[in-house]
Amino acid sequence: MTVLVSGATGFIAQYIVNDLLKQNYKVIGTVRSQEKADKLKKHFGNNPNLALELVADIAAPNAFDSVFKKYGADIKVVLHTASPVSINTKEYEKDLLIPAVNGTKNILEAIKKYAAKSVERVVVTSSCAAVVDTSNQGDGSVVYTEESWNPATWESCQVNGISAYCGSKKLAEAAAWDFVRENRNVVKFQLSTVNPIYVFGPQLFDEEVKDRLSSSCELINALVRGKPEAQYLQGMRGNYIDVRDVSRAHLAAFQKEQAIGKRLILSNGPFTYQDLEDIVNEDFPQLKGKILVGNPGSGKDIHKTMPTIDNSKTREILGYPFKSLKETVDDTAAQILKKDGKL
Ligand code: NDP
C-alpha cells in the first residue's frame, strides 16, 4: 500500500517515514528541494520503497497536483505533516497563515481532482495549538478535550508569532474538516487529525542535531548546551509528548477504524522548565555547574495552576502508553551530548 507523506524532511515526518518503511508500506515523501531529497534518501539507505517528489511550496496554487498526476490511484493514504513552524516572523499571513491553510486545502483539492475515489484515509498533522485557548494559561480549572477548539480567527491571531502559529494550526485543521463536510459525496477518504502538544525526543538521525533544534526540542537543547536564552525560559510551562509516540499515532490514525473522524490529542501530561532542569541535572552529572539548576522540585506545584488536557478518548483509541517526561528528555539530551562529545 502506498502512503504519501508531505514535508518528509520534518522532525516528526522522518519518524513517520521510518515507521511506514518498517511496516513495509511504499512511501512517497514530498520535500522542498532536490538537495534535501538527496540527503533524506541517503539517510534512509536509498530504500527502494521510498520515493521523493519536489513540492517547493505547499502554498503555491496546485502545489500537489504533479504528485497526484504521477502516482494517481496508487496513493491510498495521505499524511499531511508539512506546515511552517517558525514563530520568529512578523509576516504572519505570508509565513504562517497562508502556507498552513492553503497547503492543507491544496493537498485535499489535489486528492479531489486526481484521486477522489482511490485515497481512503487522510491524516492531517494539526496541533494542540488548535485545541487550547492560550488566554486560559494560568487557569487550573480549565479542562481541554478532543472537542475543544482554540477560538482564534484569521484577524485575532495576528498579534505575535506564537498566536499566529496557533491560529495557523487551528484554521488549517478547520479547513480540513470543512473540506470533508463540503465534499462528502465527492471524495471517498475519511479524515483524522493528530494534535500533538510540545514534541520532545531525539532526532531520528544523529546528523540532524544542529546548533539550534526546531521548535519544542530547542527548549531542551538550550538547557543542555547552557545557552544564555535558557534563563528566559525559566517560567516556561506546557504539556509534552515524545516524537516516537507522535509518529506511531499517525500510523494508528489511518490503520484503526475507531480513529475515523477523530481528533487525536497527544499529550502525556504537564511539565515546567524546572522539571526539565531537574531531570537533566540528575541524569547527566557531567553538566554539573554548567547549566541552570533553578529551585529543584518546585515544578510540581505549578502543574496544579495549569489547565488540564483530558485526552482519555485518544488514549483509548491508540491503546499504547506514552513515553514519560524522563525518557523523552533523557533521550533528547543524550543525543545532544553525544553530538558534542560529552556523553
Ligand atoms: P519541522 O519544521 O521539522 O517540519 C515541518 C515540515 O514542513 C518540513 O518538512 C518543512 O520543510 C515543511 N514545510 C514547512 N513550510 C513549508 C512550505 N511552505 N512548503 C513546503 N514544505 C514546507 O517541524 P515538525 O516536524 O516539528 O512539525 C511537523 C508538523 O507537526 C507541523 O504541521 C507542526 O505544526 C506539527 N506540530 C509540531 C509540534 C512540535 O512540537 N514539533 C507540536 C504540534 C504540532 P523543510 O524541512 O524544507 O523546512
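Every number for a ligand or one of its atoms is a count from 1 in the order of the listing.
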ask   = Contact between Y165 and ligand 1, counting heavy atoms under 4.0 Å?
value = yes
query = Is R181 salt-bridged to D178, going by a charged N under 4.0 Å from an acidic O?
reply = yes
key: Residues D65 and K69 bridged, charged N to O under 4.0 Å   = no
task = Answer side chain, backbone, both or neither: which part of T81 comes under 4.0 Å from ligand 1, heavy atoms only.
result = backbone
message = So, regarding A59 and ligand 1 (criterion: nitrogen or oxygen to nitrogen or oxygen, under 3.5 Å), is there a contact or not?
response = no
query = What atoms in ligand 1 come closer than 4.0 Å to a heavy atom of V85?
reply = 2 (O), 23 (O), 27 (O), 33 (C), 34 (O)
ask   = What atoms of ligand 1 come within less than 4.0 Å of a heavy atom belonging to P84?
value = 14 (C), 15 (N)
task = Using a 4.0 Å heavy-atom cut-off, say whether Y240 meets ligand 1 through its side chain, its backbone, both or neither.
result = neither
key: Under-4.0 Å salt bridge between R237 and D275   = no
key: Salt bridge E147-K313, side-chain N to carboxylate O under 4.0 Å   = yes
Shortest protein heavy-atom distance from atom 3 (O) of ligand 1, along with the residue and atom involved = F11 N, 2.9 Å
key: A13-ligand 1 polar pair, N/O distance under 3.5 Å   = no
query = Which atoms of ligand 1 have any heavy atom of S215 under 4.0 Å away?
reply = 26 (O), 39 (C), 41 (N)
message = Below a 4.0 angstrom heavy-atom separation, can you tell me which part of N195, side chain or backbone, both or neither, approaches ligand 1?
response = neither
ask   = Relative to atom 44 (C) of ligand 1, which among G7, S168, S126, S216 owns the nearest non-hydrogen atom?
value = S126
inquiry  = Just to confirm my output: which protein heavy-atom neighbour is closest to atom 43 (C) of ligand 1, and how far is it?
reply    = P196 O, 3.1 Å
request  = Can you sort out which atoms of ligand 1 are near D57, meaning under 4.0 Å from one of its heavy atoms?
outcome  = 17 (C), 18 (N), 19 (N)
query = Is there a nitrogen or oxygen of P99 sitting under 3.5 Å from a nitrogen or oxygen of ligand 1?
reply = no
request  = Quick one: look up the protein heavy atom nearest atom 5 (C) of ligand 1 and list residue, atom name and how far away it is.
outcome  = S83 O, 3.7 Å
request  = Among all protein heavy atoms, pick out the one at the shortest distance from atom 4 (O) of ligand 1; state its residue, atom name and that distance to 0.1 Å.
outcome  = G10 CA, 3.4 Å
Heavy-atom nearest neighbour of atom 16 (C) of ligand 1 within options R32, Q14, H80, E173 = R32
ask   = Strictly by modelled atom types, are E277 and N295 linked by a side-chain donor-acceptor pair under 3.5 Å?
value = no
Pair Q14, T9: side-chain N/O donor-acceptor within cut-off below 3.5 Å = no
task = Using distance alone, determine whether V199 and ligand 1 share an N or O pair under 3.5 Å.
result = yes
request  = Over all heavy atoms of both residues, which pair between Y92 and G161 is shortest? Give the atoms and the distance, please.
outcome  = CE2-N, 3.6 Å
key: Greater than 12 external heavy atoms within 6.0 Å of E257's CD   = no
query = Nearest protein heavy atom to atom 25 (O) of ligand 1, by residue and atom, and its distance?
reply = I12 N, 2.9 Å
inquiry  = Which residue and atom name correspond to the protein heavy atom nearest atom 42 (C) of ligand 1, and how close is it?
reply    = I197 O, 3.3 Å
message = Students should be able to answer this: which protein heavy-atom is nearest to atom 12 (C) of ligand 1, and at what distance?
response = A82 CB, 4.0 Å
query = Salt bridge check: are D74 and K26 linked by an N-O gap of less than 4.0 Å?
reply = no
query = So does K323 pair up with E327, basic N to acidic O under 4.0 Å?
reply = yes
key: ligand 1 to I58 polar contact by distance, N or O atoms, under 3.5 Å   = yes
request  = Run down the list K169, E208, E218 and name the one with the heavy atom closest to atom 32 (O) of ligand 1.
outcome  = K169
message = Under 3.5 Å, is there a donor on one side chain and an acceptor on the other for Q274 and D278?
response = yes
inquiry  = ring-ring contact (aromatic ring centres under 6.0 Å, His included) for F44 and F205? Distances and angles first, verdict last.
reply    = CA-CA 10 Å; F44 282 105; F205 303 107; 5.2 Å; yes
request  = Specify the closest pair of heavy atoms between L97 and A164, including all atoms of both residues, with the distance to one decimal.
outcome  = CD2-O, 4.2 Å
remark   = The closest protein heavy-atom partner of atom 9 (O) of ligand 1 is T9 OG1, 2.8 Å
request  = Indicate the ring-plane relationship of F179 and F189, choosing parallel, tilted or perpendicular according to the 30° and 60° boundaries.
outcome  = parallel
query = Just checking, is any N or O donor in the side chain of D19 or S247 under 3.5 Å from an acceptor N or O on the other one?
reply = yes
remark   = Going by the 4.0 angstrom heavy-atom rule, the piece of A56 near ligand 1 is backbone
ask   = For ligand 1, which atoms have a heavy atom of T125 less than 4.0 angstrom away?
value = 29 (C), 30 (O), 32 (O), 35 (C)
